[in-house]
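Just so you know, these numbers use all the heavy atoms, side chains as well, and skip hydrogens, waters and symmetry mates. By convention in this document, chain letters (A, B, ...) are assigned in the order of the sequence lines, proteins followed by strands, and residues within each chain are numbered from 1.
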Protein chains: 2
Amino acid sequence: MMNKYPLSRAEVIDLMRQKGINPTQQRVEIAQVLFSEPQHVSADQVLAMVNRKRPIVSKATVYNTLGLFAQKGLVREVIVDPTKVFYDPTTAPHHHFYNVDTGELMDMDADSLTLGELPSLPEGTEAEAVDVVIRVRNTAASC
Amino acid sequence: MMNKYPLSRAEVIDLMRQKGINPTQQRVEIAQVLFSEPQHVSADQVLAMVNRKRPIVSKATVYNTLGLFAQKGLVREVIVDPTKVFYDPTTAPHHHFYNVDTGELMDMDADSLTLGELPSLPEGTEAEAVDVVIRVRNTAASC
DNA sequence: CTGCTTGCAAAGGCTTTGCAGAACA
DNA sequence: TGTTCTGCAAAGCCTTTGCAAGCAG
């Protein structure tokens with residue numbers, strides 16, 4: 001992983017432009033929250049973080065914006081929990097630990113895990129991403 | 001992968017007993033559908049398949065049963081799409097291809113991909129599962 | 001009888017949508 | 001002035017839950 005945190009407002013805007021995203025005020029606010037530190041947040045959390053001081057963005061816009069960011073490759077969608085999607089600002093290749101007891105999601109360096117070359121893909125398809133998730137549970141809490 | 005398909009009614013019941021699941025009529029019906037062939041089905045699909053001829057099982061029971069099966073290790077939950085959970089009867093180690101264009105999920109032999117030993121896990125946790133998903137998209141249908 | 005299962009319908013949580021008003025070029 | 005965004009509220013979808021009736025041992 002080799003992303004930098006936090007990103008300044010100007011850096012965020014620059015990054016958005018690079019990805020072809022029109023840096024409107026709301027989008028910049030949302031992006032700044034995402035790129036303040038490495039983290040894994042749900043749409044609801046983003047909504048809360050952005051509006052912590054005063055209402056800045058609506059729920060609909062948060063959802064639309066996160067979807068746009070993911071589609072444009074500004075952030076990565078991580079799907080490990082059927083009840084919500086996590087958004088990960090770190091786009092450099094890496095994997096995840098998911099604690100099924102706590103719902104916590106943690107980054108794992110890409111080179112912590114040896115991954116051979118990809119097998120032949122189904123015909124007519126090309127690889128878009130490789131997601132590796134190691135599900136862990138607390139040692140104490142057994143069964 | 002080394003599971004056998006399809007499983008007879010008796011084999012299904014036997015398997016359920018091994019996993020500590022009381023083989024009630026509805027559960028056996030559901031399990032038979034799941035173990036009829038290697039596949040990846042959502043709860044709704046299971047509901048439709050089981051009740052194809054006549055109403056046999058309710059929606060609530062399908063959800064409860066699939067949850068129970070997953071918890072007992074009879075089937076594997078595959079989470080690749082935030083809108084629904086897939087249930088996979090193949091429990092032998094393997095990975096998946098997920099076609100984001102079609103929503104199709106395909107099995108991939110475990111040994112198609114070299115996976116080194118696990119990195120050190122977060123403190124106080126033990127590995128429960130390693131999920132590898134290769135997201136692919138159709139070559140033609142591009143952006 | 002006693003406990004485990006089932007089913008219906010209602011509730012719940014997360015996400016998307018329709019559409020009108022606002023912002024921006 | 002035309003296009004792109006935003007926001008509110010309503011709708012949608014999948015899943016869970018409460019609770020009474022059913023079934024098995």
Which donor-acceptor pairs under 3.5 Å do side chains of residues 20-33 of chain A form with protein atoms, sequence neighbours excluded?
unit_1, atom_1, unit_2, atom_2, d
A:Thr24, OG1, A:Arg27, N, 3.4
A:Arg27, NH1, A:Asn22, O, 3.1
A:Gln32, OE1, A:Arg9, NH1, 2.5

* Structure fact -> Heavy atoms of B:Pro89 and B:Tyr5 approach each other most closely as C-OH, 3.5 Å
* Is a donor on one side and an acceptor on the other found under 3.5 Å between the side chain of A:Thr139 and the backbone of B:Gly124? -> yes
* Minimum heavy-atom separation for A:Asn138 to B:Glu126, with atom names? -> O-OE2, 4.2 Å
* Using 4.0 Å as the upper bound for N to carboxylate O, is an ion pair formed by A:Arg135 and B:Glu128? -> no
* Asked: Does CD in B:Glu37 sit with more than 12 non-hydrogen atoms of other residues, nucleotides or ligands closer than 6.0 Å?
  -> yes
* Span of DNA chain D in contact with chain A (heavy atoms, under 4.0 Å) -> D:dC5 to D:dC8
* Atom pair distance, as rounded to whole Å: CD1 in B:Ile21 and P in C:dT6 -> 12 Å
* Asked: So does B:Ser58 get a side-chain nitrogen or oxygen closer than 4.0 Å to the phosphate oxygens (OP1/OP2) of C:dG7?
  -> yes
* Nearest heavy-atom neighbours spanning A:Leu74 and A:Phe35 -> O-CZ, 3.5 Å
* **A:Asp81-A:Thr83 side chain donor-acceptor pair, cut-off 3.5 Å** => yes
* Asked: Hey, which of A:Asn3, A:Asp88, A:Asp109 is the one that makes side-chain hydrogen bond (donor to acceptor under 3.5 Å, both in side chains) with A:His94?
  -> A:Asp88
Polar atom pairs (N or O), protein with nucleotides 11-15 of chain C, under 3.5 Å:
unit_1, atom_1, unit_2, atom_2, d
C:dC14, O3', A:Thr83, O, 3.4
C:dT15, OP1, A:Val85, N, 3.1
C:dT15, OP2, A:Tyr63, OH, 2.7

* Asked: Between residues 65-75 of chain B and DNA chain D, which residues have a heavy-atom gap below 4.0 Å?
  -> none
* Asked: Looking at A:Asn22, does any N or O in its side chain come under 4.0 Å of the phosphate oxygens OP1/OP2 on C:dC24?
  -> no
* Please report the C-alpha distance between B:Gln45 and B:Gln39 in whole Å, then the side-chain angles of each, then the deciding distance to 0.1 Å, and finally whether the side chain to side chain contact (heavy atoms under 4.5 Å, CB included) criterion is met. => CA-CA 11 Å; B:Gln45 286 177 292; B:Gln39 58 186 334; over 6 Å; no
* Mind checking B:Leu47 for me? I need base, sugar-phosphate or nothing, with any heavy atom below 4.0 Å counting as a touch. => nothing
* Asked: Can you list, by residue number, the residues of residues 23-34 of chain A that have a non-hydrogen atom closer than 4.0 angstrom to DNA chain D?
  -> A:Thr24, A:Gln26, A:Arg27
* With sequence neighbours left out, what residues match B:His40 under ring pair (Phe, Tyr, Trp, His ring centres under 6.0 Å)? -> B:His96
* Point-to-point distance, once rounded to the nearest 0.5 Å, from OG of B:Ser58 to CD1 of B:Ile56 -> 12.0 Å
* Asked: Is it true that B:Met49 and B:Leu34 fall in one hydrophobic cluster, defined by side-chain heavy atoms closer than 4.5 Å?
  -> yes
